[in-house]
Engineer: 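Please read through the structure below; I'll follow up with questions.
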Amino acid sequence: MKKLPVLLALVATLVTATTAARDVTVLNVSYDPTRELYRDVNAAFAAQWKARHGDNVTIQMSHGGSGKQARSVVDGLSADVVTLALAWDIDAIADHGLLAKDWQQRLPQNSSPYTSTIVFLVRKGNPKGIKDWPDLIKPGVQVITPNPKTSGGARWTFLAAWGYALKQPGGNEAKARAFTQELFKHMPVLDAGARGATNTFAQRGVGDVLLAWENEALLARQELGKDAFEVVVPSVTILAEPPVAVVDGNADKHGTRAIAEAYLKFLYSPQGQAIEAGHFYRPRSPDVAQQFAAQFPRVNTFTIKDVFGTWRQVQAKFFADGAIFDQIGPGN
Amino acid sequence: MSALVSARPVAWSRRLVRGALVLLAVGFLALFLLLPLATVFVEAFRQGAAIYLTSIRQHESLAAIRLTLLVAAIAVPLNLVFGVMAAWAITRFDFRGKALLGAFIDLPFSVSPVISGLVYVLLFGAQGWFGPWLDAHGVRIIFAVPGLVLATIFITLPFVARELIPLMQSQGSEEEEAARVLGASGWQMFFRVTLPNIRWALLYGVLLCNARAMGEFGAVSVVSGHIRGLTTTMPLEVEMRYNEYDFAGAFAVASLLALLALMTMALKTLLEWRYGNEIAAHAPGGH
């Protein structure tokens, strides 16, 4: 007899457990500078999902250099979604069969809910007078940027420099190559990720100019002192499109596809776009862009498609083993 | 005549050399050990004790502390058992490949920790030798706690064995043989004769092993996947916070790690001071 209440309690617990809120975790494997962004996005999305569906969603985060993160997912880091710095890194995951090869057509605007660009961060007063790309290769100027082999942002930077040289009057491949090679001679260190490079420049005081994501440069200025640094926008730079995707193989295995897809759609929603703009990522929504217009300087950009084609082609031409970066990068 | 003339300058220059050497050693220590150590604590408390406590009480910090303790709690006992067995095999038996076994024990000292982490990725990663089988059976090793434990065991493997081997070699096996002759069983001999003889060296080895297990960065970084609050140990948490401009938080967690190291050192010193004679008596070349 005594056991009956216990049994009833047990049954009651089981029933409530199946009908009431589920606890769901989703792993978002992201690149280096998005730490602050996704902390806010995750909180807002979890609140929205809880209000609409009642489940408690926990979004777990892993951050690091974009290329390294892609490699970890290939090696078994079971990301439900990836939010990386450039399309090639997600292509590399797709090549191992974890998601469909046409993943970039599944969400609007090349699956990039926000964009950014490459700008210069200089010390207060711009003591070396750095205004545009040619100033970076003047004698005595030290340039800080991470290693394009491991960092997505640095690959965008490399292409921005190359594209600039190509677009000058009389510009051609040979001149672009010479300019980029000269640029790498001005780099005393190459950190593995964007945040490491920012810390090298801002905390340790190495170098005269940091080539960085616009979001990273604006954040560094906000976090480390508006008076200490200035943002310089070069005459022309690249439009960086960091893409996002559900990793089909993992999401289906974990039964998280619905939440993972809703999470990525949330990035395109007005609420998501406003959070992204608040963290200095350029929103796709014209309305939100209008609202945050004051914090983003005017830039003249070209896209990767305008100048280089697809990321797959870029990877093969510039960053694969033995390709152009290996020929002209540090040590050459 | 020359002896008379040179006697005084020799004594004088000896004292000069001694003074210079002591000064150099102390200065070197202060510059490379004490100064960084002090910096950790100064930076940790720069924004006040309240911020320090908040940083440590955060969910992520507590998770990192728990994970670090868990990893050490698995890796250290395993290496204790392995270390005693290996030292026993090497010092008490003759067998083919004995030198090779000794060399293998030292391997983790000579291999870069990053490489040892990568080896586990190559073995157990999704593209690795055992990856598909593990995946089919739902077992997660890399980017999960088992991977962290494996990497830590590998890195800390030599510590206990390397403390024991020279001591057991110098002690020889006479006492143990006497115990056997007097009728002790194998286990009785081990617990009544061997263990008391090696206990201080064993404790030493365990302390060093533990310090390294908690502080290891490179190897665990490779196999961790850096999932916040889930697969980040304290050293990884320090790096992560530093990268997030949370300098107070980074140094707060770092100060806990430094504190663990200081406690280990204090315990070691206390043991030496309290049982100094015994340790000296059993130390290699002692008696």
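Since the model is a prediction, treat every value here as computed from it, not as a measurement. Naming convention: chains lettered A, B, ... in sequence-line order (proteins, then strands); numbering from 1 in each chain. Note that these values count all heavy atoms, side chains included, but never hydrogens, waters or copies made by symmetry.
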Engineer: Does any non-hydrogen side-chain atom of A:M61 lie less than 4.5 Å from one of B:H226?
Structural biologist: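 Of all side-chain heavy-atom pairs linking A:M61 with B:H226, none is under 4.5 Å.
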Engineer: Of all of A:G193, A:A220, A:G76, which one pairs up most often with chain B through heavy atoms under 4.5 Å apart?
Structural biologist: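 That would be A:G76.
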Engineer: Looking at B:G225 and A:S62, what are the two nearest heavy atoms and their distance?
Structural biologist: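 Distance-wise, the nearest heavy atoms are O-OG, 2.5 Å.
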Engineer: Which pairs pass salt bridge (charged side-chain N to carboxylate O under 4.0 Å, His left out) with one or both residues in residues 53-77 of chain B, sequence neighbours excluded?
Structural biologist: none
Engineer: Please state whether the side chain, the backbone, both or neither of B:I227 comes within less than 4.5 Å of a heavy atom of chain A.
Structural biologist: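 Contact with chain A: backbone and side chain both.
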Engineer: About how many Å separate CZ of A:R35 and CE of B:M240, when rounded to the nearest 0.5 Å?
Structural biologist: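 CZ of A:R35 is found 6.5 Å from CE of B:M240.
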Engineer: Which region of A:A202, side chain (C-beta onward) or backbone (N, CA, C, O), has a non-hydrogen atom less than 4.5 Å from a non-hydrogen atom of chain B, or is it both or neither?
Structural biologist: neither
Engineer: Could you walk me through whether A:K253 and B:D135 pass side-chain contact (heavy atoms from CB on, under 4.5 Å), step by step?
Structural biologist: CA-CA 11 Å; A:K253 195 158 63 177; B:D135 193 49; 2.9 Å; yes
Engineer: Please classify the contact between A:Q69 and chain B as side chain, backbone, both or neither, with a heavy-atom cut-off of under 4.5 Å.
Structural biologist: neither
Engineer: Taking heavy atoms only and a threshold strictly under 4.5 Å, list by residue number the residues of residues 241-252 of chain B that touch chain A; give 'none' if the list is empty.
Structural biologist: B:Y242, B:N243, B:E244, B:Y245, B:F247
Engineer: Give the interface residues of residues 35-52 of chain B toward chain A, defined by a heavy-atom separation under 4.5 Å.
Structural biologist: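 No residue falls under the 4.5 Å cut-off.
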Engineer: Other residues, nucleotides and ligands only: do more than 12 of their heavy atoms fall within 6.0 Å of CZ on B:F109?
Structural biologist: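 Yes, the 6.0 Å shell around CZ holds more than 12 heavy atoms from other groups.
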Engineer: Is there any residue in residues 140-161 of chain B with a non-hydrogen atom under 4.5 Å from a non-hydrogen atom of chain A, and which ones are they?
Structural biologist: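 Against chain A, the residues of residues 140-161 of chain B that fall inside the cut-off (heavy atoms, under 4.5 Å) are B:R140, B:F143.
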Engineer: To check you understand the geometry: which heavy-atom pair defines the closest contact between A:D75 and B:Q127, and what is its length?
Structural biologist: OD1-CG, 3.9 Å
